[in-house]
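Below you'll find the structure, written out as structure tokens, and then a few comments.
Letters A, B, ... are given to chains in the order of the sequence lines, protein chains preceding strands, and every chain is numbered from 1.
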Amino acid sequence: MDWRQLWEICSAPDNVPIVGLIPLLIFYIYLAWKQARANDELIGQLETNPAMAKTHHRKSWPFRPGWQKEIHVWPFLLRMEFLVAMIVTIILMVWSITLNAPLEEPANPNLTMNPAKAPWYFLGLQEMLVYFDPWIAGVVMPTLIIVGLMVIPYIDTNPLGSGYYTWKQRKFSIGTFLFGFIILWIAMIIIGTFIRGPGWQWFWPGQTWDHNRLIYEVNRDLPDLFGITSNLGKAIFGGIVVGGFYAVGGFIMHSLFRRYNPKDYKRMSLLQYSIMMFFVLSMVALPAKMLLRLAWHIKYVWITPWFNV
Amino acid sequence: MPEENGNGNNGKRVGLLERVKAGVKEDVQSLRSDMPAKAKEQIEGLKDPTKTQVYTSIFRHKHDDTPRNRALGVLSNVFLHLHPAKINRDAVRYSYTWGMGGITFYLFIVLTLTGVMLMFYYHPSKVQAFRDVLYLEHDVPFGKLLRNMHRWAAHLMVIAVWLHMFRVFLTGSYKKPREFNWNIGVLLLVFTLLLSFTGYLLPDDQLGFWAVTVGTNMARATPGLGNEGPFGHMLGMTPYNDVRFGLLGGSIVDANALLRSYIWHCIGIPIVASVLMIVHFWRVRKDGGISGPAAVMLASEVKEPKK
């Protein structure tokens, strides 16, 4: 266990935000979960007791007759805003006094940094470069992330859970978002920050970064395993595999979704449904490709003269 | 006092000197008697400064603690009037909103202020840039603190934006009628990351140089628009005309890239982001204020749209 190496990674000034992000995320997930549980309990009570549902104020926070439903922004909200601004300023001041922004040697195109890392918030994308060619990891994936986020309000037809924390009413959408945000984005950033060392090789936390380490890894392409050698054969085979992933995956998703989410399924239009399917399957494609690579050393699935997947 | 100078009149002729003397005497007399009275009046007036003309011209209403004045305090102030006068009593609970949208905006203001101050010490040229940062760190009073604050506020802003989006998702706040504002928010998220990324190159050190090299190398692989991307060379893309060249103003990260980065960072993106922020905040109000905390809805109460 090389504690010094671990300390060097964690205390690198630009890694401090991601070190701070982890406890922050845990805290806020806990905060959301606590409120979701309280609301779900209340929803359960109200559903079994229609008489109570008619009179209850429907929040898990207390409300007594005679209390005003609305309060003045001045002073009740503004004092909160002022307090928050002061706390943020204090945190920022202390942080800026105790920790210096990094400044390396002057830029030198002839001296490559190893590892050359992007800013920490893009390390998820850089980690994806291991599993996909740059045109997918660097261009298509970010575009899909942005477009995918933008279509969310138009494909989520569930009218429940608007304006309050809940889990039971929105299991699928919250589950999918947590998968995308925590597993595909944050976890990838953590791998990129703490695990990847020189040569973008995998170093477990506490393992010494060995700049001379060589890994003899023979990566294969999926068509090779099936003994396909001709270019045309590879292109057709890969197209079938990728198309098959979306077709078979789509079928499995479909059979699960209509069973466990019948109401959403009924509400969604064909366009909404197929867009959702495409994005969910593309999200799953990332860990699927990672598994192929890490477990079976498979580099490409689909090889064509113009692009490789 | 006679009307005219005596021309053959019997009246005594009054000389200029006498008249001036009499006038001055009167003036002195008025100073003696009026000024203390005026001074007294002035001091009386200052005992309640809220009644002065200067005060009432700035603050348009009284400040006694009445519901009307509380509402006016928000409505008659240009900076506060984005708020409604009254809100849902639970909306001020920190556990619901996490305050992340507000923190993001506050950090944007901090970054603008520190950023403008940094601009006084920075030249976006290969010769000067790195030296300017050294100068800032070692010679400018509080220069190091200034740079540190700008850097850490930027990182904090990225985190705050993510957490804001996370909260908005978990509370279902993107649902009808807030779909469009969620989209504006996604764009603001992208611009926040781009703002941070364009700032990364500016110290012109190894860290920024290689981070931007790695980042912009991806642009080379853009399908159709990058020289190494699928179908790129078929469409005539070379390292000297593709999308990466456009981003960097050259085929390598050099002086032009530094200047472009600087202009996007200090002028281009802040303007676009500010416009989007205006729309974002405006839509929060127009879409009915913040989404909650709303009363929980039961599955049995959903009205299915008729098909």
Interface residue of largest heavy-atom contact number with chain B, from [options], under 4.5 Å:
options                       : result
A/M113, A/Q169, A/M80         : A/M113
A/V16, A/L129, A/L125         : A/L129
A/N108, A/T304, A/V84, A/I174 : A/N108
A/A32, A/A85, A/A116          : A/A85
A/G138, A/P75, A/G20, A/P102  : A/P102
A/P134, A/P106, A/S162        : A/P106

Side chain, backbone, both or neither: which part of [X] has a non-hydrogen atom closer than 4.5 Å to chain A?
X      : result
B/I252 : neither
B/A85  : backbone
B/V110 : side chain
B/F130 : side chain
B/L189 : side chain
B/E301 : side chain
B/V302 : side chain

Could you tell me which of [options] has the largest number of non-hydrogen atom pairs under 4.5 Å with chain A?
options                        : result
B/A91, B/S291, B/P293          : B/P293
B/Q206, B/E179, B/R151         : B/Q206
B/A299, B/A160, B/S300, B/G208 : B/A299
B/D65, B/N183, B/V214, B/V186  : B/N183

Heavy-atom cut-off 4.5 Å, strictly under: side chain, backbone, both or neither for [X] against chain B?
X      : value
A/V139 : side chain
A/H57  : backbone
A/I87  : neither
A/E81  : side chain
A/L111 : both
A/W167 : neither
A/E47  : both
A/T157 : neither
A/L42  : side chain
A/A53  : side chain
A/L24  : side chain
A/Y28  : both
A/S60  : neither
A/L31  : side chain

How long is the straight-line distance from [atom2] of [Y] back to [atom1] of [X], given to the nearest 0.5 Å?
X      : Y      : atom1 : atom2 : value
B/L145 : A/M93  : CG    : CE    : 5.5 Å
A/E105 : B/F209 : CD    : CZ    : 13.5 Å
B/L187 : A/I146 : CG    : CD1   : 8.0 Å
B/R147 : A/L103 : CZ    : CG    : 5.0 Å
B/N148 : A/I97  : CG    : CD1   : 9.5 Å
B/H155 : A/N15  : NE2   : CG    : 9.0 Å

Side chains of [X] and [Y]: closer than 4.5 Å at any heavy-atom pair?
X      : Y      : answer
A/Y165 : B/V296 : no
A/L160 : B/L298 : no
B/Y106 : A/T89  : yes
A/T112 : B/T213 : no
A/L92  : B/M149 : yes
B/K175 : A/P159 : no

- Should the pair A/R170 and B/F169 be classed as cation-pi, given the thresholds of under 6.0 Å to the six-membered ring centre and 45° from the axis? yes
- Only one of A/K59, A/E70, A/K69 passes side-chain hydrogen bond (donor to acceptor under 3.5 Å, both in side chains) with B/N88; say which it is. A/K59
Indicate the atoms forming the closest heavy-atom contact of [X] with [Y], along with that distance.
X      : Y      : value
B/W152 : A/N100 : CZ2-O, 3.5 Å
B/S95  : A/W61  : OG-CZ2, 3.7 Å
A/A101 : B/E137 : O-OE2, 4.2 Å

[X] atom [atom1], over 12 foreign heavy atoms within 6.0 Å:
X      : atom1 : value
B/R93  : CZ    : yes
A/F63  : CZ    : yes
A/F82  : CZ    : no
B/Y94  : OH    : yes
A/K168 : NZ    : no
A/W306 : CH2   : no
B/R285 : CZ    : yes

- Query: Parallel under 30°, tilted from 30 to 60°, perpendicular over 60°: which one fits the rings of A/F181 and B/W162?
  - Reply: perpendicular
- Task: Using ring-ring contact (aromatic ring centres under 6.0 Å, His included) as the criterion, point out the one residue from A/F122, A/W120, A/Y121 that pairs with B/F197.
- Result: A/F122
- For residues A/W74 and B/H83, is any side-chain donor paired with an opposing acceptor at under 3.5 Å? no
- Message: Would the distance check show the side chain of A/R58 and the main-chain N or O of B/M297 forming a donor-acceptor pair, the cut-off being under 3.5 Å?
- Response: no
- Item | A/Y164 and B/Y96 aromatic centres sub-6.0 Å | no
